[in-house]
**Student:** 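My structure is below; once you've seen it, I'll send some questions.
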Amino acid sequence: MRRAAAAAALVLACLALPGGAQERAMQGSAAVLRALDKVNGQTVDADVPVGGGAEMFGLQVSVADCRYPAENPTGDAYAYLTVRGQSDGEIHFEGWMIASSPALNALDHNRYDVWVMRCSSS
């Protein structure tokens with residue numbers, strides 16, 4: 001919970017620029033996510049629509065929001081994710097994940113990693 005609060009504070013701080021100006025963030029229609037199975041090294045990518053979810057290996061990943069800098073659409077995206085175990089429904093992660101710093105607020109799972117690559121707006 002403490003990491004989630006720290007990540008949220010960092011996201012807000014990253015948007016604030018000196019002099020009170022703020023960089024505009026645009027909302028994407030989907031998040032591009034990558035999952036890694038640490039046991040066999042297999043990866044899978046998924047376009048997950050905002051408000052939707054996808055099964056990635058043994059996890060159910062839901063995206064509540066995905067945002068990116070308006071002046072740099074290929075720039076640093078951040079998304080609000082919920083990651084649950086598919087078999088038991090246990091929440092393994094819930095919070096903001098930042099594309100350029102996935103370890104800042106990361107999924108803590110013994111077998112799988114999930115991270116944000118970018119937002120898409122199509």
**Student:** Sequence neighbours excluded and cut-off under 3.5 Å, please list the side-chain donor-acceptor pairs for residues 39-54, or say none.
**Tutor:**
residue	atom	partner	partner atom	Å
Asn40	OD1	Gln42	N	2.9
Asp45	OD1	Arg34	NE	2.6
Asp45	OD2	Arg34	NH2	2.9

**Student:** Check for a donor-acceptor pair, side chain of Ser29 on one end and backbone N or O of Ser120 on the other, with a separation under 3.5 Å.
**Tutor:** yes

**Student:** Among residues at least two apart in sequence or on other chains, which ones pass side chain to side chain donor-acceptor pair (under 3.5 Å) with Asn110?
**Tutor:** none

**Student:** What I'd like to find out is whether the side chain of Val116 reaches to under 4.5 Å of the side chain of Leu33, using heavy atoms alone.
**Tutor:** yes

**Student:** Holding to side chain to side chain contact (heavy atoms under 4.5 Å, CB included), I want the full list of residues that pass it with Ser121, two or more places apart in sequence or in another chain.
**Tutor:** Tyr68

**Student:** Write down the atom of Leu107, the atom of His92, and the distance for their closest heavy-atom approach.
**Tutor:** CD1-CB, 3.6 Å

**Student:** Excluding sequence neighbours, so at least two apart, what forms side chain to side chain donor-acceptor pair (under 3.5 Å) with Gln86?
**Tutor:** none

**Student:** Sub-3.5 Å donor-acceptor pair from the side chain of Asp37 to the main-chain atoms of Tyr112, do we have one?
**Tutor:** no

**Student:** Can you list everything that forms a side chain to side chain donor-acceptor pair (under 3.5 Å) with Arg84? Sequence neighbours excluded, please.
**Tutor:** none

**Student:** When rounded to the nearest 0.5 angstrom, what distance separates CG in Leu36 from NZ in Lys38?
**Tutor:** 7.5 Å

**Student:** Identify the heavy atoms of Arg111 and His109 that sit nearest to each other, and give their distance.
**Tutor:** N-ND1, 3.0 Å

**Student:** Looking at side-chain heavy atoms only, is the closest gap between Leu59 and Val114 below 4.5 Å?
**Tutor:** yes

**Student:** Could you give the distance from CG (Asn105) to CH2 (Trp96), rounded to the nearest 0.5 Å?
**Tutor:** 11.5 Å

**Student:** So, using side chain to side chain contact (heavy atoms under 4.5 Å, CB included) as the criterion, who are the partners of Ala64 when residues are at least two apart?
**Tutor:** Tyr80

**Student:** Could you see if Trp115 belongs to whatever hydrophobic cluster contains Val63? Use Ile, Leu, Val, Met, Phe, Trp, Tyr and a side-chain cutoff under 4.5 Å.
**Tutor:** yes

**Student:** How many angstroms lie between atom CE of Met97 and atom CG of Leu81, to the nearest 0.5 angstrom?
**Tutor:** 5.0 Å

**Student:** Who are the salt bridge (charged side-chain N to carboxylate O under 4.0 Å, His left out) partners of Asp88, not counting sequence neighbours?
**Tutor:** none

**Student:** Can you tell me which residue pairs pass the disulfide (SG to SG under 2.5 Å) test with a partner in residues 58-87, sequence neighbours excluded?
**Tutor:** Cys66-Cys119

**Student:** How many angstroms lie between CZ in Arg118 and OG in Ser100, if you round to the nearest 0.5 Å?
**Tutor:** 14.5 Å

**Student:** Tell me, with the steps shown, if Val61 and Thr82 meet side chain to side chain contact (heavy atoms under 4.5 Å, CB included).
**Tutor:** CA-CA 6 Å; Val61 183; Thr82 303; over 6 Å; no

